[in-house]
Number of protein chains: 2
Amino acid sequence: MPKSEILERESVEYFVSLVQLFGLPKSIGQIYGLLFVSKAPLAMDDIMSRLGISKGSASQGLSLLKSLGAVTSIEIPGERRDHYEADLNVSRIVNHFVENRLQDRLDHAETRIKSMVKLARGIEKDSDSDSETNLLHRIQALQKWQKRGKNLIPLILRWLKR
Amino acid sequence: MPKSEILERESVEYFVSLVQLFGLPKSIGQIYGLLFVSKAPLAMDDIMSRLGISKGSASQGLSLLKSLGAVTSIEIPGERRDHYEADLNVSRIVNHFVENRLQDRLDHAETRIKSMVKLARGIEKDSDSDSETNLLHRIQALQKWQKRGKNLIPLILRWLKR
DNA sequence: GGTTTTGTTCATTTTTATTTGAACAAAACG
DNA sequence: CGTTTTGTTCAAATAAAAATGAACAAAACC
């Protein structure tokens with residue numbers, strides 16, 4: 001087996017396990033891994049046949065990767081089909097990922113905690129036992145962690161940029 | 001519906017979506033969310049009936065949560081059954097999580113990249129075109145990012161501790 | 001304008017992950 | 001001891017996620 005094929009396989013495996021860590025489908029990692037070691041931009045057909053995946057997977061995978069800024073469409077003169085190229089701007093990819101997949105969840109979580117604090121306050125008023133006060137304290141501690149986590153994200157993003 | 005029940009439901013939902021973000025099963029979030037707002041430690045029976053989950057889920061979920069340091073077994077005098085309490089030591093939980101779920105993957109990825117660099121060097125020797133050199137550069141850039149990512153983790157862990 | 005190529009969408013199928021519950025083991029009780 | 005309670009394990013069932021491929025749309029070509 002030629003070295004370039006072995007490298008291709010390793011790259012695919014590498015990115016498959018990377019994307020699985022972030023909860024993305026396997027096909028995303030396969031496509032990116034293939035493009036990452038390809039010396040020229042590839043058409044969808046090439047991707048399908050090289051990886052043995054369906055048209056649907058290839059199309060959806062590419063569109064997600066484009067939306068993350070991880071893959072770019074390249075116009076090739078005299079070629080009809082779109083060609084795709086891997087983009088190695090890691091901080092941009094991570095940025096996109098955070099904005100698309102994380103931000104909403106975090107905002108939602110923040111709202112939810114606020115409502116929990118309110119509820120705990122209400123419970124405290126009704127029954128003024130110690131344990132209920134503890135409950136409020138716990139939820140407020142959680143709220144603090146939530147804020148810390150939220151602050152951590154821009155910190156990481158800035159760090160990735162240098 | 002009593003306020004404490006609403007709070008319980010919100011807490012469960014909150015932690016379910018949090019654990020799903022980290023790729024852990026829903027039941028883990030349910031159990032932790034329930035214990036988090038419980039004023040007293042709960043027995044497995046209580047957890048099962050409160051959440052409507054099976055014995056198996058409860059047992060497996062609790063054992064994972066204990067392994068993450070997120071839940072502690074409490075001995076209650078005169079009580080036969082084990083009782084469980086949520087632990088809010090976030091940095092410890094994250095630590096456990098990183099050590100158990102991340103470290104191995106990262107080490108594995110590191111080895112894989114090294115082998116990719118070697119392969120790319122081999123390819124470069126055989127065919128000394130520009131594109132192959134680019135390939136090596138790309139993989140080395142990836143290696144740099146991998147190292148950065150690896151360095152980021154202890155940084156985050158330290159930041160969480162204060 | 002009609003035909004062919006290319007790419008997208010989405011209902012169905014397949015695969016993977018999680019939950020269930022019954023069988024089992026271990027400890028507590030009398 | 002034998003019985004009952006409590007907790008674990010794991011094969012099977014169920015639920016959730018991803019991949020497939022056929023039908024469709026959109027653009028390129030002649």
Side-chain angles (χ1 to χ4, degrees), chain A residues 12-13 15-35 41-68 70-85 100-101 105, chain B residues 12-13 15-35 41-68 71-85 97 100-101 105:
Chain A
V12 168
E13 278 173 30
F15 285 105
V16 165
S17 69
L18 183 65
V19 301
Q20 305 220 101
L21 188 62
F22 291 98
L24 296 173
K26 196 176 139 186
S27 60
I28 302 298
Q30 292 180 287
I31 297 170
Y32 189 83
L34 174 60
L35 294 176
L42 299 181
M44 217 172 78
D45 279 355
D46 304 327
I47 294 169
M48 285 163 60
S49 58
R50 211 85 194 81
L51 298 173
I53 64 177
S54 68
K55 230 186 190 200
S57 273
S59 170
Q60 285 173 194
L62 283 167
S63 101
L64 176 63
L65 284 165
K66 277 189 277 182
S67 84
L68 288 175
V71 157
T72 319
S73 296
I74 300 284
E75 290 289 313
I76 294 205
E79 268 283 359
R80 201 169 168 181
R81 300 168 297 172
D82 288 352
H83 284 64
Y84 305 93
E85 191 176 65
N100 294 323
R101 313 230 140 201
R105 281 167 176 267
Chain B
V12 168
E13 278 172 29
F15 285 104
V16 165
S17 68
L18 182 66
V19 300
Q20 306 221 98
L21 187 63
F22 291 97
L24 296 173
K26 197 176 139 185
S27 59
I28 302 297
Q30 291 180 288
I31 296 170
Y32 189 83
L34 173 60
L35 293 176
L42 299 181
M44 218 172 76
D45 279 354
D46 304 326
I47 294 169
M48 285 164 59
S49 59
R50 212 82 195 84
L51 298 172
I53 64 177
S54 67
K55 228 185 190 197
S57 271
S59 170
Q60 287 173 194
L62 283 168
S63 102
L64 176 64
L65 284 165
K66 277 188 278 181
S67 84
L68 288 175
V71 156
T72 319
S73 296
I74 300 283
E75 292 288 313
I76 295 203
E79 268 283 0
R80 198 167 168 182
R81 298 168 299 171
D82 288 353
H83 284 64
Y84 304 94
E85 191 175 67
F97 186 82
N100 295 325
R101 312 230 141 201
R105 281 167 176 266

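Labels below follow one simple rule: chain letters A, B, ... track the order of the sequence lines, proteins then strands, and each chain is numbered from 1. Heavy-atom basis, side chains included; hydrogens, waters and symmetry copies ignored. Note that the coordinates shown come from a computational prediction; the quantities given were computed from them, not determined experimentally.
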Atom pair CD/CD1 of A:E79 and A:I74 - distance to nearest 0.5 Å: 13.0 Å
Euclidean distance, B:I47 CD1 relative to B:S59 OG, rounded to 0.5 Å: 10.5 Å
Side chain to side chain contact (heavy atoms under 4.5 Å, CB included) partners of B:V19, counting only residues at least two apart: B:L24, B:I28
Strand contacts (DNA chain C) in residues 42-51 of chain A, 4.0 angstrom heavy-atom criterion: A:M44
[N] [atom2] sits how many Å from [X] [atom1], rounded?
X     : N      : atom1 : atom2 : value
A:I31 : D:dA18 : CD1   : P     : 13 Å
A:I28 : D:dA17 : CD1   : P     : 16 Å
B:I76 : D:dT6  : CD1   : C1'   : 15 Å
B:E75 : D:dG7  : CD    : P     : 10 Å
B:L64 : C:dT18 : CG    : C1'   : 13 Å
A:I53 : C:dT8  : CD1   : P     : 13 Å
A:H83 : C:dT5  : NE2   : C1'   : 14 Å

Sequence-distant partners of B:D82, side-chain hydrogen bond (donor to acceptor under 3.5 Å, both in side chains), two or more places apart: none
Partners meeting side-chain hydrogen bond (donor to acceptor under 3.5 Å, both in side chains) with B:R105 (sequence neighbours left out): none
Nucleotide of D:dG7, D:dA18, C:dT8 approaching A:P25 most closely (side-chain heavy atoms): D:dA18
Touch class at under 4.0 angstrom, heavy-atom based, for A:L62 against every strand present: nothing
N/O (side chain, A:S27) to phosphate O (OP1/OP2, D:dA19) under 4.0 Å: yes
Side-chain heavy-atom pair A:L65, A:L35 within 4.5 angstrom cut-off: no
Pairwise side-chain contact, B:D46 with B:L34, heavy-atom cut-off 4.5 Å (strictly under): no
Comparing A:K26 and A:K66 on DNA chain C - which has the more 5′ nearest nucleotide: A:K66
Result of checking B:R80, B:R81, B:K55 against B:D45 for salt bridge (charged side-chain N to carboxylate O under 4.0 Å, His left out): B:R81
Base versus backbone protein contacts along nucleotides 21-30 of chain D [heavy-atom cut-off under 4.0 Å; B, S, -]: B-----BB--
Partners passing ring pair (Phe, Tyr, Trp, His ring centres under 6.0 Å) against A:Y84 (at least two apart in sequence or in another chain): none
